Amino acid sequence: ASTYNILCKGYGVARKPQEAQRVLEAMAKGRPPWLATTGSAAPEGAAVAFRASPGLRPTLRTYNTVINSWCEEGGIHEARKLMAAMRAAGVSPDEVTFNTLIKAYAKLGQPDNAERLVREMENAYLRPNERTFAILTSCLVEAGQMDRAREIVAHMGARGLRPNSYVFNALIKGYARALSPDGVNEVLDAMAAAGVPADVTTYGLIMDAWSSAGRVGDARDTIERMRGAGVAPDLQAWSVLAKGYVRAGRPAEAEKVLAEMEAAGVPPNIVTFTTVISGWCSAGRMEDAERLLTTMVDRAVEPNSLTHKTLVWGYAEAQMPRQAEERLQAMENAGFRPE
RNA sequence: GGCUCAUGAAGUG
C-alpha cells in the first residue's frame with residue numbers, strides 16, 4: 001500500500017510528461033473517484049501507479065504525493081482540482097496537503113495567494129505548522145516583503161509555535177541578500193535567545209550573500225565566526241568562500257581555499273573546482289585554468305558540462321579561438337552537447 | 001513506527 005505511494009513519488013520526481021489523459025481513459029473500472037473529476041491530465045507515471053492495483057483506493061498520502069508532483073510542475077490548478085476531488089472522495093486534506101499547495105504559490109512568487117491559502121487552511125480547522133510558516137516566510141522574503149515576513153514570524157507565538165531554523169534562516173536570507181549585517185545580526189541574536197542554534201546553512205547563507213557581492217573579507221569573517229561557534233564548514237560553505245575570492249578577482253586565493261578545505265577534511269568537488277577554474281578564466285589566466293583542470297582530473301574529479309562550458313567561454317574571452325575550438329571538441333568527445 | 005510538504009554552492013542564455 002505504501003509501495004504504491006512510493007511509486008507515485010518516483011514518477012513525480014521523474015517529472016513525467018503528460019500523455020496521461022490517454023492512460024487515464026484507458027483505465028479499467030475501479031478507477032479512483034478523482035480520475036473522473038479531474039478533467040485534465042495527471043502526471044503519467046502516477047496514473048500508471050493507480051492503475052496497478054485496481055482494488056486499492058488512494059490514501060491521504062497518495063493524494064498528497066500526486067498533488068506534490070503537480071505542484072512541482074507548477075500545475076497549481078490541477079493540484080487544486082485534485083484537492084477538491086479528494087474531498088469528494090471522502091478524504092480530508094491535511095496540513096501536508098496545504099503546505100504542498102502553499103509551496104506551489106511560493107514557487108510562483110505569489111505571496112498573496114500563499115497567505116490566502118493559509119487562511120483557507122485555518123478555515124478547514126487545520127493548524128499551520130512550522131513548515132507552513134517556513135514556506136510562507138521564505139515566499140515573502142523572496143518577494144522582498146521583509147516587514148511582512150517579520151510580522152508573520154512574530155505571529156507564530158500566538159499560534160503556539162516557535163520559529164525553527166528554517167524560519168530563521170529564511171529571514172536571514174532576506175537580510176543577507178540585502179547586505180544588511182544589522183538585520184542578520186538581529187536575527188542571529190533572536191535565534192540565540194530562542195535557543196535555536198545557527199547551523200551550517202545559516203552561515204552558508206550569509207557567506208553566500210557576501211561572496212556573491214564580492215565582499216570576500218566579510219565572507220571570510222563569517223566562516224571564522226562559524227568555526228568559532230563550533231559549526232564545521234561543509235562542502236557548500238567552502239565552495240561559497242572560494243566563490244567569494246573569484247568574484248573579488250582573486251583567483252590565486254580562491255585556489256588556496258582548495259587546500260584549506262582539504263586540510264579541514266572536506267575535499268573539493270566538481271562545483272568547487274569549476275568555481276575556481278572560472279576565476280582563472282575571468283582573469284584571462286587560461287594556463288592556470290588548465291593546470292587546475294589537470295589537478296582536478298588527477299584527483300579523479302571529472303569535468304562536467306559546466307566545467308567545459310566555462311573553459312570554452314574563457315578561451316573565447318581571451319581571444320583564443322583555436323583553443324576554444326579544442327575545448328569544444330573535448331566537450332563533445334566527453335559526451336556533452338554544446339549549446 | 002515507516003511511506004507525502006520547508007532553508008545555503010559553479011559563468012549565472
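Treat the numbers as computed from the prediction; the structure is a model and nothing was measured.
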(message) Given A10(B), A6(B), C3(B), identify the nucleotide with an atom nearest to the side chain of Tyr166(A).
(response) A6(B)
(request) Determine, for Glu255(A) against Arg250(A), whether the closest basic-nitrogen to carboxylate-oxygen distance falls under 4.0 angstrom. (result) no
(message) In this structure, would Val196(A) and Ile206(A) fall into the same cluster of hydrophobic residues linked by side-chain contacts under 4.5 Å?
(response) yes
(request) Tell me what Val96(A) touches on the nucleic acid: a base, only sugar-phosphate, or nothing, going by heavy atoms under 4.0 Å. (result) base
(request) Could you check if a side-chain atom of Met261(A) sits within less than 4.5 angstrom of a side-chain atom of Thr272(A), using non-hydrogen atoms only? (result) yes
(request) Determine, for Arg327(A) against Glu332(A), whether the closest basic-nitrogen to carboxylate-oxygen distance falls under 4.0 angstrom. (result) no
(message) So, does Lys103(A) get its side chain near the phosphate of C5(B), meaning an N or O under 4.0 Å from OP1 or OP2?
(response) no
(message) Taking Arg291(A) first and then Asp288(A), would you say they form a salt bridge - that is, a charged N and a carboxylate O separated by under 4.0 Å?
(response) yes
(message) From the set A10(B), U4(B), U7(B), return the single nucleotide nearest to any side-chain atom of Thr274(A).
(response) A10(B)
(message) Any non-hydrogen side-chain atom of Lys103(A) less than 4.5 Å from a side-chain atom of Glu72(A)?
(response) yes
(request) Look at all strands and tell whether Val200(A) reaches a base, only sugar-phosphate, or nothing, counting heavy atoms closer than 4.0 Å. (result) base
(request) Could you check whether Ala176(A) gets within reach of a base, just the sugar-phosphate, or nothing at all, counting any heavy atom under 4.0 Å? (result) nothing
(request) List, by chain and then residue number, the residues other than Val297(A) in its hydrophobic cluster (Ile/Leu/Val/Met/Phe/Trp/Tyr, side-chain heavy atoms under 4.5 Å); write none if there are no others. (result) none
(request) Please list residues of residues 123-146 of chain A whose heavy atoms come under 4.0 Å from any atom in RNA chain B, ordered by number; otherwise none. (result) Arg131(A), Ala134(A), Ile135(A)
(request) Please tell me which of the listed nucleotides, C3(B), A10(B), A9(B), lies nearest to the side chain of Ser239(A)? (result) A9(B)
(request) Have a look at Asn269(A) and say if it touches a base, only the backbone sugar-phosphate, or nothing, with a 4.0 Å heavy-atom cut-off. (result) base
(request) Measure from the side-chain heavy atoms of Asn164(A) and tell me the nearest of A6(B), U4(B), G8(B). (result) A6(B)
(request) Would you classify Asp94(A) as touching base, sugar-phosphate or nothing, given that sugar-phosphate means primed atoms plus P, OP1 and OP2, and contacts are heavy atoms under 4.0 Å? (result) nothing
(message) Closest approach to the side chain of Thr100(A), judged atom by atom: which nucleotide of G8(B), U4(B), C5(B) is it?
(response) C5(B)
